[in-house]
Amino acid sequence: MSVNKIQHKVNHVALVVDCSGSMRPHQSQLIRVVDEFVAGLKAESDSLGHETRISLYSFDHQVENLVWDMDVKHLPSMRGLYQVNNGATALIEASLKSLDDLGHIWEQYGEHSFLQIVVTDGEENASGGDRRHDGDPAILGPWLDRIAATMGGLPGHWTSAILVPNSLAKRTAQNYGFPAGNIAIWDADSQKGVEEAIGTVRAAATSFLRGREQGVRGTKNLFAVGQDISVDEVRASLEPIPADKYRLLKVDKEIEIRPFVDSHPGVTYERGACYYQLGARAQVQQNKEVIVVEKDTDRAYTGDAARSLLFGTGVQGTVSVKAGNNPALEVYVQSRSVNRKLKPKTRLLIML
């Protein structure tokens, strides 16, 4: 007998957060913004009709599970759960444990996807025990082998990402096996750095959930925007800009924005009137407007919903993003700088 079944989408998200001593200045801020991150998962899951379950881990030289595979609708605040300690950083062990734990989830029914996001302000120095190994090859070597093998063997519906404090840590994370497009750098030395990091994570998680609607169950380009939206969504959500209110100019070489604009007849540089094409990673502040352009027609769209469409509902503060690969759309970000360097093979949108 043939029976119709509902193959509902189930998302398993593991947020793995550093709680070593260096995170102490950020403790209260981190609790608040993680709560906001969870709220964003709830809102996006509800709008898409997904079931999203979250696990939370903290780690210093020891790894602790705080919440296990709980429906985001029922997750309590991180307050009372997350606490900074004075330990070192068992980064590899924490990454492996959360992946191993998620691997025990039964996938027989439903369409499951897995997303792990690790947030750290330091580098590995303590996996495998209660003391620092500080790079001792006898201790660190086996852990390096384990994480490289695990990352290399993840199924296609698993996504593993990490936020690290600097470019050196990014290279190290790549050596561990994190895909380059799933690594973002955050400012671990400022009070607003944690909020920016979670804003970036929240935008990425939103993109991940929306990608599921298009059949994408895993990605190696998590921290990119615009790849998961369609022309129809843009037209339905945003306001068209009249064609006589803007111009698009091709950039042929690296050049500062002000002399580039002033070199074109009929336009003069005005602060806030120029929008650069998003390409490589950029910091997009909360007060910066964004515009979406159709590649085929050069029609431009913007409006209050533009940031939510690109970065996710309720994402506040600065987000660190790069352009995703969308064959139909381009993303433009407002610039108020007189000396921003424009990149070749991009375009600049000028509001007239």
Side-chain angles (χ1 to χ4, degrees), residues 36 40 43-44 47 181 184 192 195-211 221-243 245-251 257 260-261 269-338 340-343 345-352:
E36 291 178 0
E44 201 64 40
S47 69
K192 68 177 182 178
E195 186 158 358
E196 292 177 3
I198 300 300
T200 299
V201 168
R202 185 166 171 173
T206 296
S207 177
F208 176 82
L209 294 179
R210 291 177 180 174
N221 205 26
L222 183 68
F223 295 116
V225 299
Q227 61 194 7
D228 56 335
I229 57 175
S230 67
V231 171
D232 288 343
E233 288 177 294
V234 169
R235 291 175 178 172
S237 304
L238 306 185
E239 303 163 10
I241 304 174
K245 297 299 184 183
Y246 67 94
R247 283 180 62 183
L248 282 160
L249 304 176
K250 291 183 179 179
V251 182
I257 190 170
F260 173 77
V261 173
Y269 177 84
E270 292 184 20
R271 190 185 296 268
C274 298
Y275 294 70
Y276 63 92
Q277 184 180 343
L278 183 63
R281 186 164 302 284
Q283 301 291 114
V284 181
Q285 289 80 14
Q286 184 173 356
N287 63 345
K288 297 294 179 66
E289 297 176 0
V290 292
I291 293 175
V292 181
V293 173
E294 293 182 24
K295 290 182 180 180
D296 289 345
T297 65
D298 283 346
R299 292 172 183 160
Y301 302 82
T302 190
D304 295 338
R307 287 182 67 97
S308 295
L309 182 65
L310 289 167
F311 308 138
T313 305
V315 173
Q316 303 294 324
T318 300
V319 293
S320 174
V321 293
K322 63 180 180 179
N325 181 22
N326 191 317
L329 299 168
E330 295 171 341
V331 177
Y332 291 77
V333 178
Q334 186 180 35
S335 173
R336 295 192 176 95
S337 169
V338 297
R340 166 174 284 278
K341 293 263 182 77
L342 300 176
K343 300 298 182 183
K345 298 182 180 180
T346 64
R347 296 195 292 177
L348 184 73
L349 186 149
I350 304 175
M351 296 297 294
L352 304 176

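Owing to the predicted nature of the structure, the values given are computational and were not obtained by experimental measurement.
Note that CD of Gln334 is 4.0 Å distant from CZ of Arg336, once rounded to the nearest 0.5 Å. The distance from the CZ atom of Phe260 to the SG atom of Cys274 is 9.5 Å, given to the nearest 0.5 Å. The CG atom of Asn326 lies 6.5 Å from the CD1 atom of Ile229; values are rounded to the nearest 0.5 Å. With rounding to the nearest 0.5 Å, the separation of CZ in Phe208 from CZ in Phe223 is 12.0 Å. Separation of atoms OG (Ser230) and CG (Leu329) is listed at 7.5 Å; rounding is to 0.5 Å. Here the CG atom belonging to Leu238 is positioned 5.5 Å from the CG atom belonging to Leu309, to the nearest 0.5 angstrom.
Pairing each heavy atom of Glu289 with each of Tyr275, the nearest pair is OE1-OH, 2.7 Å. Scanning all heavy atoms of the two residues, the minimum distance from Ser337 to Ile257 falls at O-CG2, 3.2 Å. Nearest heavy atom pair, residue Ser237 against residue Ala305, reads O-CB, 3.9 Å.
In this structure, Lys343 contributes its side chain and Leu278 its backbone to no donor-acceptor pair below 3.5 Å. Checked by atom type and distance alone, the side chain of Asp298 never pairs as donor or acceptor with a backbone atom of Val293 at under 3.5 Å.
For the pair Thr302/Ile241, a side-chain contact is recorded, criterion being any heavy-atom separation below 4.5 Å from C-beta on. Contact of the Met351 side chain with the Ile291 side chain is registered, since non-hydrogen atoms from C-beta on lie closer than 4.5 Å. Using a 4.5 Å heavy-atom cutoff, the side chains of Tyr269 and Val338 are in contact. Counting heavy atoms from C-beta outward, Glu270 and Val261 have side chains that stay 4.5 Å or more apart. A 4.5 Å side-chain heavy-atom check between Leu249 and Leu349 finds every atom pair outside the cut-off.
Between Arg210 and Glu44 there is a salt bridge, since at least one side-chain N of the basic residue sits less than 4.0 Å from a carboxylate O of the acidic one.
With a 6.0 Å radius and a threshold of 12 heavy atoms from other residues, nucleotides or ligands, Lys341 has its NZ atom at or below the threshold. Annotation for Asn287: atom CG counts as buried by contact number, over 12 foreign heavy atoms lying within 6.0 Å.
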Working for side chain to side chain contact (heavy atoms under 4.5 Å, CB included), residues Lys245 and Leu352: CA-CA 5 Å; Lys245 297 299 184 183; Leu352 304 176; 5.6 Å; no
Criterion side chain to side chain contact (heavy atoms under 4.5 Å, CB included) on Leu342 and Leu348, from CA distance to verdict: CA-CA 8 Å; Leu342 300 176; Leu348 184 73; 4.0 Å; yes
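Scored by the salt bridge (Lys or Arg N to Asp or Glu O under 4.0 Å) test, Glu294 finds Arg235 as partners (sequence neighbours excluded).
Side-chain atoms of Arg347 and Tyr276 form no donor-acceptor pair, as typed in the model, at a separation below 3.5 Å.
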